[in-house]
K.L.:
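One structure, pasted below without further comment.
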Protein chains: 2
Amino acid sequence: MCIMGVMNLLQTAGPAVDASCCVPSSKPALSVEEAQRKALVFKALADPNRLRLLSIVKAEESGESCVCDLTEPLDLGQPTVSHHLKILVEAGILHREKRGTWAYYSLVPGALDDVAGILSAL
Amino acid sequence: MCIMGVMNLLQTAGPAVDASCCVPSSKPALSVEEAQRKALVFKALADPNRLRLLSIVKAEESGESCVCDLTEPLDLGQPTVSHHLKILVEAGILHREKRGTWAYYSLVPGALDDVAGILSAL
DNA sequence: CAGCTATATCGATGGATGTCAATCTATGTG
DNA sequence: CACATAGATTGACATCCATCGATATAGCTG
């Protein structure tokens, strides 16, 4: 709260009365838990290499990519790519399907739209 | 790239020929610079307290809030709140206007829609 | 089963980040 | 001008995180 001095405690008029900076509104903000949960999704998107991973997966005709084709264009080690993919899966953005030796990653349908929904519902 | 052994180097048929995991597609992914720039926006959103700040500012009738009314509901120190607000301003999400003693923060019109646009344009 | 390959996991490490206390700057008041 | 307040900046510190090398796991092939 803004006090601005004693604010002419009992003064009847004058600009000092309007000197409080604003009305607090006291509407309930996002709860701590909800904010944390939503921040997790944005954390998953808050890395350039993860954005590039999503871009590649999304651009793939078949809708899915395997790790071995994601390692090279990002110029990152295979463990690092696996790490990023895991974060995207845990955020609910990517889906992982293992077929034989390879693991295929694809966008969860509607996941990015859901993120956009978080923004408009802030 | 996936090699899967010598892959029957000169063999004429059999499942081994189709054993490569996928076609690389080689479409140009998001450039490194672009990815970094977009990641900065998500980094700004990737903190629960910053999401709560946005929520409060957005819920304000007047469309703007001053720092003093943002410090209390978040239960954070004033320097920390100033720090978060600065990050949101630098990300182009909040607008800062100083009037007299107080600094008022408001959502940049369309900024959150732009973020949603980044997602759909990935 | 032995060996190879794709991928995941682990441990370590350097760098980024959130938070606070202290301080600085600017504005308003007497 | 002296003083108080709103807010920003600085420096320190603890924690988190991206990355890598080494290793483990799982599936294929002979």
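If you're wondering where the values come from, they're calculated on a predicted model, not measured in any experiment. A note on names: the letters A, B, ... follow the listed sequences, proteins ahead of strands, and every chain is numbered from 1.
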K.L.:
Would you please confirm or rule out a distance under 4.0 Å between OP1 or OP2 of C:dA6 and any side-chain N or O of A:Tyr105?
P.N.:
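No, outside the criterion.
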K.L.:
Can you tell me the distance, in whole Å, between the CG atom of A:Leu53 and the C1' atom of D:dT19?
P.N.:
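One finds 14 Å between C1' of D:dT19 and CG of A:Leu53, rounded.
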K.L.:
Round to the nearest Å and state the distance from A:His83 atom NE2 to C:dA8 atom P.
P.N.:
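Rounded to the whole Å, the gap is 13 Å.
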K.L.:
Of A:Arg99 and A:Pro79, whose closest DNA chain D nucleotide lies nearer the 5' terminus?
P.N.:
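Here A:Pro79 is the residue nearer the 5' end.
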K.L.:
Nearest-Å distance, CG (A:Asp75) to C1' (D:dC20)?
P.N.:
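Value for this atom pair: 13 Å.
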K.L.:
Expressed as a whole number of angstroms, how long is the span from A:Lys43:NZ to D:dA18:P?
P.N.:
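Rounded to whole Å, this separation is 10 Å.
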K.L.:
Can you name the side chain to side chain donor-acceptor pair (under 3.5 Å) partners of B:Arg50, sequence neighbours left out?
P.N.:
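Testing B:Arg50 for side chain to side chain donor-acceptor pair (under 3.5 Å), a comparison that skips the adjacent residues, returns B:His84.
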K.L.:
When you check the phosphate oxygens OP1 and OP2 of D:dA18, does a side-chain N or O of A:Arg50 lie under 4.0 Å from one of them?
P.N.:
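A:Arg50 to D:dA18 OP1/OP2: side-chain N or O found under 4.0 Å.
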K.L.:
Once salt bridge (charged side-chain N to carboxylate O under 4.0 Å, His left out) is applied, do any residues pair with B:Lys58, and if so which ones, sequence neighbours excluded?
P.N.:
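None.
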K.L.:
Could you tell me whether the phosphate oxygens of C:dT19, OP1 or OP2, come under 4.0 Å of any side-chain nitrogen or oxygen in B:His84?
P.N.:
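Looking at the OP1 and OP2 atoms of C:dT19, one of them is under 4.0 Å from a side-chain N or O of B:His84.
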K.L.:
Where do B:Ile56 and B:Ser65 come nearest, in terms of heavy atoms and distance?
P.N.:
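Looking at all heavy atoms of both residues, the shortest contact is O-OG, 4.2 Å.
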K.L.:
How close or far is atom P of C:dG18 from atom CD of A:Gln36, stated in whole angstroms?
P.N.:
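Distance check: A:Gln36 CD to C:dG18 P gives 14 Å.
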K.L.:
Which donor-acceptor pairs under 3.5 Å do the side chains of residues 86-95 of chain A make with protein atoms, sequence neighbours left out?
P.N.:
none

K.L.:
Once side chain to side chain donor-acceptor pair (under 3.5 Å) is applied, do any residues pair with A:Arg37, and if so which ones, sequence neighbours excluded?
P.N.:
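For A:Arg37 there are no side chain to side chain donor-acceptor pair (under 3.5 Å) partners, ignoring immediate neighbours.
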K.L.:
So which nucleotide from D:dG7, C:dA8, D:dG27 ends up closest to the side chain of A:Thr101?
P.N.:
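Looking only at heavy atoms from C-beta outward on A:Thr101, the closest nucleotide is D:dG27.
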K.L.:
With sequence neighbours excluded, tell me which residues meet salt bridge (charged side-chain N to carboxylate O under 4.0 Å, His left out) with B:Lys43.
P.N.:
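By the salt bridge (charged side-chain N to carboxylate O under 4.0 Å, His left out) rule, B:Lys43 matches no residue at all.
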K.L.:
Output the rounded distance in Å from CD (A:Gln78) to P (D:dG21).
P.N.:
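So the two atoms are 12 Å apart, to the nearest Å.
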K.L.:
Taking OP1 and OP2 of D:dC20, is either one under 4.0 Å from a side-chain nitrogen or oxygen of A:Thr80?
P.N.:
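It does, given that an N or O in the side chain of A:Thr80 lies less than 4.0 Å from OP1 or OP2 of D:dC20.
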K.L.:
Once you round it to whole Å, what is the distance between P of C:dT17 and CG of B:Leu76?
P.N.:
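Distance, rounded to whole Å: 18 Å.
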K.L.:
Please give, in whole Å, the distance from C:dA6 P to A:Leu85 CG?
P.N.:
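Rounded to whole Å, this separation is 16 Å.
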K.L.:
Do A:Arg99's NZ or CZ and the ring of A:Tyr104 fall within the cation-pi criteria of under 6.0 Å and 45°?
P.N.:
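The answer is yes, since A:Arg99 meets both limits relative to A:Tyr104.
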K.L.:
Quick check on DNA chain D: between A:Gly100 and B:Val67, whose nearest nucleotide comes earlier from the 5' end?
P.N.:
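Going by which nucleotide is closer to the 5' end, it is B:Val67.
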K.L.:
Please list, in numerical order, the residues of residues 86-96 of chain A that have a heavy atom closer than 4.0 Å to any atom of DNA chain C.
P.N.:
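Residues of residues 86-96 of chain A under 4.0 Å from DNA chain C: A:Lys86, A:Arg96.
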K.L.:
Which of these nucleotides, C:dT7, C:dA8, C:dT5, is closest to any side-chain atom of A:Cys68?
P.N.:
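Nearest listed nucleotide: C:dT7.
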